[in-house]
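Each remark here refers to the structure printed beneath this line.
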2 protein chains.
Amino acid sequence: MLPPRRQKILAAIVEQYIETGEPVGSKALLANAGLDVSSATIRNEMAELTALGFITQPHTSAGRVPTEYGYRYYVDNLMQPKELEENERRRIEAGVDYRSGDPEILLETAGEALVNLTNFAAISKAPSDENAFIRNIEMVPISPKKAMVVLLTSTGILKSKPCRTDVEIDADLRKTFIDVVDQNFLGKPLSSVGTVMIQTLAASLGAKALSMSPLLVTIADLVEAASVSEVNLAGQSNLLGYKEYDDNAGQLLDFLHREEPLNMLVSSGDTDSDIEIRIGSENRYKELENSSMIISKYKIGENATGAIGIIGPTRMNYSKLVPSIKYLSEIISKVLSDVYEEETSSGEEG
Amino acid sequence: MLPPRRQKILAAIVEQYIETGEPVGSKALLANAGLDVSSATIRNEMAELTALGFITQPHTSAGRVPTEYGYRYYVDNLMQPKELEENERRRIEAGVDYRSGDPEILLETAGEALVNLTNFAAISKAPSDENAFIRNIEMVPISPKKAMVVLLTSTGILKSKPCRTDVEIDADLRKTFIDVVDQNFLGKPLSSVGTVMIQTLAASLGAKALSMSPLLVTIADLVEAASVSEVNLAGQSNLLGYKEYDDNAGQLLDFLHREEPLNMLVSSGDTDSDIEIRIGSENRYKELENSSMIISKYKIGENATGAIGIIGPTRMNYSKLVPSIKYLSEIISKVLSDVYEEETSSGEEG
DNA sequence: TTTAGCACTCGATTGTTTGGAGTGCTAATT
DNA sequence: AATTAGCACTCCAAACAATCGAGTGCTAAA
């Protein structure tokens with residue numbers, strides 16, 4: 001544990017650097033932090049902090065800049081999350097589209113709200129639920145031999161796909177479809193649907209297998225599509241404004257367009273803590289070595305979880321951002337739970 | 001009309017500048033273009049072309065760069081569209097996801113194919129059809145007082161939204177819903193649904209108006225949402241690589257994120273020509289003054305049209321890009337027509 | 001009408017100088 | 001022993017100067 005004065009100095013350096021973006025020197029620190037010592041003393045302490053790896057110098061005759069380790073120590077031990085200001089609370093609330101109830105739209109607008117609020121890029125992940133089940137499957141004919149198949153899951157995800165059948169869609173086929181869906185899909189977990197299951201099912205249909213087969217395949221595709229929860233990104237272009245990305249902005253943006261790593265980013269991490277801060281190389285991706293993420297998990301009921309957060313340069317105002325993201329995450333939890341959770345005994349309000 | 005030699009020189013300047021990105025001087029031109037005159041003659045011609053406004057000099061002692069007007073003349077009179085190479089044709093075909101049949105996915109993959117092929121940003125607009133009508137509306141209960149309402153249009157667009165009802169959803173309400181939908185919505189053009197129509201309809205329902213009202217409002221919302229056809233953008237980050245955007249990349253990307261102008265970009269323009277090239281300020285947006293667009297319209301059947309194309313720096317290889325985009329547009333037309341058009345007498349193939 | 005020749009222009013590149021912020025060390029002070 | 005004033009030193013950034021060369025327009029000859 002660092003001695004109190006050193007802690008105070010480290011915190012002051014981090015905060016001042018976050019604010020100004022310039023390496024902070026001993027004198028500037030003296031003016032700013034409420035310390036009753038001379039600049040020489042501060043210099044001595046700074047030399048110590050440098051030796052310990054908390055701060056570093058861009059070059060010999062420059063001020064100090066926090067290292068990743070320094071940020072980490074600050075975030076873990078020194079930072080005091082700021083109270084969320086009333087007008088920011090309102091900005092968040094105003095930005096989120098409660099009304100539609102569509103989780104996609106909710107997350108999209110929530111992401112945009114974060115973007116506007118923070119001037120960073122926002123990342124969000126739609127709710128994924130291991131226990132999600134099939135709420136409904138419909139077949140809507142659009143021509144004699146084509147139909148749109150629509151899947152709705154318990155988490156509110158809706159997927160659809162056109163399907164071309166080998167035979168004409170008549171009352172008979174529709175009846176069969178409804179029966180098959182009723183008995184084999186409704187209420188079943190998404191994870192139970194797969195190639196094997198479809199084949200077994202087709203085999204058991206006997207004479208009707210031929211006509212049903214394309215429809216079954218389409219259902220399987222839809223379930224597959226509904227199982228991978230999408231990651232959304234917004235405000236990437238904000239990042240261009242920060243000088244830490246001047247060189248390799250393209251590289252970063254390209255990285256953020258790729259699906260898999262994004263998914264990893266919002267999926268991994270502690271399951272117990274509701275907010276997670278990852279600084280620089282803690283993100284495990286070379287492209288993010290100068291970036292930090294603040295990610296908060298949200299819950300819908302017991303099983304479904306998603307995440308929302310921001311990506312920006314390591315030099316971000318952690319103490320201010322954390323409460324904002326926490327609050328937004330709570331809102332999402334609440335709104336989505338309200339719409340999609342099985343209703344319990346508790347009454348409902350307007 | 002420009003004298004032939006001057007045309008030849010202008011074309012050579014444009015093409016060389018497109019290739020190298022450097023202002024082209026009289027000597028460089030001599031080496032490259034197959035002209036049998038001295039550099040001094042070329043200089044004289046270049047002076048003329050400058051006076052006429054086709055080319056310009058960045059500064060006194062630099063080579064020449066095409067003006068917008070120069071590009072325009074080149075595109076209209078001098079350019080010879082290159083034959084589409086076999087491997088590029090294959091790249092386009094390989095990039096597009098035919099199979100899903102979902103217009104959204106098709107356009108998304110088509111956009112990505114364009115991005116990969118051209119290294120510019122791709123823009124696309126989903127089919128919009130003034131005569132589009134409502135194919136189907138379903139209500140899927142998800143709890144006693146909540147239901148998911150799903151709308152499917154004749155152009156294959158699917159929208160859904162949860163709806164909270166004031167009374168419990170019972171067989172009675174479902175029956176009413178089906179009847180109301182059957183009689184008032186199915187087969188009706190999207191444009192016929194609006195606030196007034198909904199209110200009139202509600203009034204005519206008498207005692208059932210109360211229970212149906214939230215559902216009707218939801219339907220109206222869905223029709224509204226299905227009416228605006230979405231514009232898709234891909235590969236924005238590619239643009240960062242071009243030095244013409246070095247200063248204001250952020251501004252451009254921000255612009256491209258906004259919905260309305262994008263919509264304008266792909267909507268406006270000649271209705272008769274199938275491909276449209278807009279150079280620099282012809283785009284009418286200040287943010288695009290250094291950008292060009294090549295947009296091709298595609299058709300589904302008689303009424304529905306959409307568009308796909310690219311956005312990039314004015315200095316782009318028009319003669320090579322035009323055929324690629326044309327071809328991609330044809331593919332989209334064909335695939336979407338195949339899936340969504342009302343089947344006519346012509347038979348269908350696998 | 002074309003071309004060789006030439007003086008001129010001006011951005012890009014490279015080198016030089018200077019100023020100042022910040023440092024670490026030493027010696028004096030508390 | 002801890003703190004501080006003082007000072008020599010380092011090194012970046014900004015300003016300034018010098019040079020280079022591609023490209024031009026013009027003139028006069030072919």
Side-chain angles (χ1 to χ4, degrees), chain A residues 2-10 12-17 19-67 70 243-244 246-247, chain B residues 2-10 12-67 70 243-244 246-247 315:
Chain A
L2 244 37
R5 192 174 66 186
R6 232 169 255 178
Q7 287 195 353
K8 219 168 169 180
I9 289 176
L10 177 57
I13 292 173
V14 172
E15 276 159 17
Q16 191 161 325
Y17 180 68
E19 191 173 343
T20 66
E22 299 294 321
V24 342
S26 52
K27 277 184 199 159
L29 204 56
L30 189 62
N32 202 305
L35 289 172
D36 226 15
V37 290
S38 78
S39 68
T41 309
I42 293 185
R43 274 206 292 286
N44 288 333
E45 297 281 36
M46 282 165 92
E48 270 302 309
L49 285 169
T50 304
L52 293 169
F54 290 106
I55 53 182
T56 182
Q57 298 180 279
H59 55 85
T60 332
S61 70
R64 301 304 211 285
V65 164
T67 60
K243 61 173 187 301
E244 23 280 87
D246 270 359
D247 311 327
Chain B
L2 245 37
R5 191 174 65 185
R6 231 168 257 176
Q7 287 194 352
K8 219 167 169 182
I9 290 177
L10 177 56
I13 292 174
V14 172
E15 277 159 16
Q16 191 161 326
Y17 180 68
I18 284 173
E19 192 174 341
T20 67
E22 298 295 321
V24 342
S26 52
K27 278 185 201 161
L29 205 54
L30 189 61
N32 201 306
L35 289 172
D36 226 16
V37 291
S38 77
S39 68
T41 308
I42 294 184
R43 273 205 292 286
N44 288 333
E45 296 282 37
M46 283 166 91
E48 271 302 310
L49 285 169
T50 305
L52 293 170
F54 290 106
I55 53 181
T56 183
Q57 299 180 277
H59 55 86
T60 330
S61 69
R64 302 303 211 286
V65 164
T67 61
K243 62 174 188 302
E244 22 278 88
D246 269 1
D247 310 328
R315 181 198 143 217

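Numbered from 1 within each chain, the chains take letters A, B, ... in sequence-line order.
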Using the test side chain to side chain contact (heavy atoms under 4.5 Å, CB included), find all partners of A:S26 that sit at least two apart in sequence or belong to another chain. A:S39, A:I42, A:R43, A:M46
Which residues pass the side chain to side chain contact (heavy atoms under 4.5 Å, CB included) test with B:Q16, not counting sequence neighbours? B:T20, B:V24, B:A28, B:L29, B:N32
With A:E19 via side chain to side chain contact (heavy atoms under 4.5 Å, CB included) - residues at least two apart: none
For residues 13-38 of chain B, which residue pairs pass the ring-ring contact (aromatic ring centres under 6.0 Å, His included) check, not counting sequence neighbours? none
Test: ring-ring contact (aromatic ring centres under 6.0 Å, His included). Region: residues 34-57 of chain B. Which pairs qualify, not counting sequence neighbours? B:F54-B:Y69, B:F54-B:Y73
Note: contacts of residues 59-67 of chain B with DNA chain C (heavy atom, under 4.0 Å) are B:H59, B:T60, B:S61
For chain A and DNA chain D, what are the first and last nucleotides along the strand, 5' to 3', with at least one atom under 4.0 angstrom from a heavy atom of the protein chain? D:dT3 to D:dC12
For B:T67, enumerate each residue passing the side chain to side chain donor-acceptor pair (under 3.5 Å) test, keeping only those at least two apart in sequence or located in another chain. none
Enumerate the residue pairs fulfilling ring-ring contact (aromatic ring centres under 6.0 Å, His included) with a member in residues 27-53 of chain A, sequence neighbours excluded, ordered by first and then second residue. none
Could you name each residue pair satisfying salt bridge (Lys or Arg N to Asp or Glu O under 4.0 Å) that touches residues 45-66 of chain A, not counting sequence neighbours? A:R5-A:E45, A:R6-A:E45, A:R6-A:E48
Tell me, please, which residues at least two apart from A:S61 pass side chain to side chain contact (heavy atoms under 4.5 Å, CB included). A:H59
Which residues in residues 38-58 of chain A have a heavy atom closer than 4.0 Å to any atom of DNA chain C? A:R43, A:M46, A:Q57
Indicate the atoms forming the closest heavy-atom contact of B:V65 with B:P58, along with that distance. CG2-CG, 4.1 Å
